[in-house]
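Report on one structure; see the data block that follows.
All values below come from the heavy atoms of this structure, side chains included, with hydrogens, waters and symmetry mates left out.
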Amino acid sequence: MGEKHQHSIMQGQTDTRYQDWAWPLWPIVPLYPYGRRRTLRQEVVKDKIWTFEQSQGILYVVVPIRMSAIALESGGLLIYAPVAPTPECIRLVRELEAQHGEVQAIVLPTISGIEHKVFVGPFARHFPQAQVYVAPHQWSFPVNLPLSWLGFPRKRTHILPADSRQNPLGDEFDYAILGPIELGPGRFAEVALFHKRSRTLFVTDSVLAIPPEPPEIIQLEPYPLLFHAKDDALHKVLDSPENRRKGWQRISLFAFYFSPSTLNVANLFQSIRDAFAAPDRSKQAYFGWFPFQWQDNWQQSFHALSRQGRLFVAPILQTLILNRAPQATLDWVNRVQQWNFQQIIPCHMQAVIQADGEQFRQAFAFLEKPQSTLEGNRLPEADFQLLQTLNRALTQTRIVPPAKLD
């Protein structure tokens, strides 16, 4: 009876924990880890700024997604880029509300990132006193629907003015809107938010840095790290710091290049044959299917990408988006550069990047000079091959407008 009672208690604790991580709306955007999302809160500036991290991805290419909370001088909180409002996430926000006051403002800083937009309506319903501010020129795919149809509160949702002198967020902040950049079937835009008192810049996707070690939120559920640490389908990987690091570095290459030059992909029939001989043929392991083989020099690609944690613009933005509007992007960069920030908090990858306006400016040097001339800021051209192929195909078929940058 004692063992059964103890097992029942443990099972109850597990069920409660899973309920705490529940995200029931995951089918709208079916990304791993689907309906169960853990949240990690970190204090960045004492009693002033906190980050809330969750993980998400496809095919175990899992990276952090992050929202930030800022305590306002007048009392209350501002939320930048909400994440999934699981019971755990909301409880962690309520703890801050108990100390600093209610959530006063919620900012959606992008128009195209559905992985950010999908959370705003459900998140806002937990904080009925908060005003919701969104970047202008919102759109949705495949049908362009009103924001209220996407769950945004009708009476509390406001478009951020393009002119920040009409700033509805208060004297503590300044902001600058990049875009919209027209991309044929859609648009790209981003709101950079500057918190003056802490000298912190908040961005969504425009710049980031890759930490050399897997982020803590990813290590809470390490299976994706170990999955990608495999050298081939027949490789059995043990859980160790080295293998977690190896998996993280490969995940980073997948996330930014999709198909880096140091990756070989087996044909379908070979990958199926290998799956039958795999040491792990569980459902979690995709029944042994693992069509990837990494070349011996794969780490060179990672080191060139991460550059010891330096600030950079993601390859997909360089190749498919920002080069469609280089001058508008540089005008936005020049404005952001003038702010006296000393750290950057993006919505993905490394949580806090120590960088100033000059370093921010340098990350966009590719818009002024060809990659081949940027000796200290160059990414391997071979790793851009798939993105360049996509770029040519989208341009030739006139799905997206041509790049304005040679």
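By the side chain to side chain contact (heavy atoms under 4.5 Å, CB included) test, Gln300 is found to be paired with Asn297, residues two or more places apart in sequence or in another chain being considered. Take Asn340 and apply the side chain to side chain contact (heavy atoms under 4.5 Å, CB included) test, not counting sequence neighbours, and it matches Arg199. With sequence neighbours left out, the side chain to side chain contact (heavy atoms under 4.5 Å, CB included) criterion links Leu92 to Thr39, Arg41, Phe52, Glu88, Glu95. Residues passing the side chain to side chain contact (heavy atoms under 4.5 Å, CB included) test with Gln337, sequence neighbours excluded: Asn334, Glu358, Arg361.
In this pair, Phe227 and Tyr286 present their aromatic rings perpendicular. The plane angle is above 60°, beyond the 30 to 60° band. A tilted orientation is assigned to the rings of Trp50 and His100, their planes being inclined by 30° to 60°.
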query: Do Asn264 and Gln295 pass the side-chain hydrogen bond (donor to acceptor under 3.5 Å, both in side chains) test, and can you show the C-alpha distance, the side-chain angles, and the key distance before you say yes or no?
result: CA-CA 7 Å; Asn264 298 326; Gln295 299 174 16; 3.3 Å; yes

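Phe173 has its side chain within reach of Ile70: a pair of non-hydrogen atoms, C-beta onward, lies under 4.5 Å apart.
Distance check: Phe312 CZ to Phe256 CZ gives 4.5 Å after rounding to the nearest 0.5 Å.
In this structure, Asp171 places its CG atom where only 12 or fewer heavy-atom neighbours from other residues, nucleotides or ligands lie under 6.0 Å away.
Among pairs with a residue in residues 205-226, those fulfilling ring pair (Phe, Tyr, Trp, His ring centres under 6.0 Å) read Tyr60-Tyr223, at least two apart in sequence or across chains.
Electrostatic pairing of Lys236 and Asp280 does not count as a salt bridge here, judged by no charged N lying under 4.0 Å from a carboxylate O. With respect to the salt-bridge test (charged N to carboxylate O, under 4.0 angstrom), the residues Glu221 and Arg36 qualify.
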Donor-acceptor pairs under 3.5 Å, side chain of residues 121-136 to any protein atom, not counting sequence neighbours: which ones?
unit_1: Gln129; atom_1: NE2; unit_2: Val103; atom_2: O; d: 3.0
unit_1: Gln131; atom_1: OE1; unit_2: His158; atom_2: NE2; d: 2.6

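The cationic atom of Arg250 (NZ for Lys, CZ for Arg) lies less than 6.0 Å from the six-membered ring centre of Trp298 and within 45° of the ring axis.
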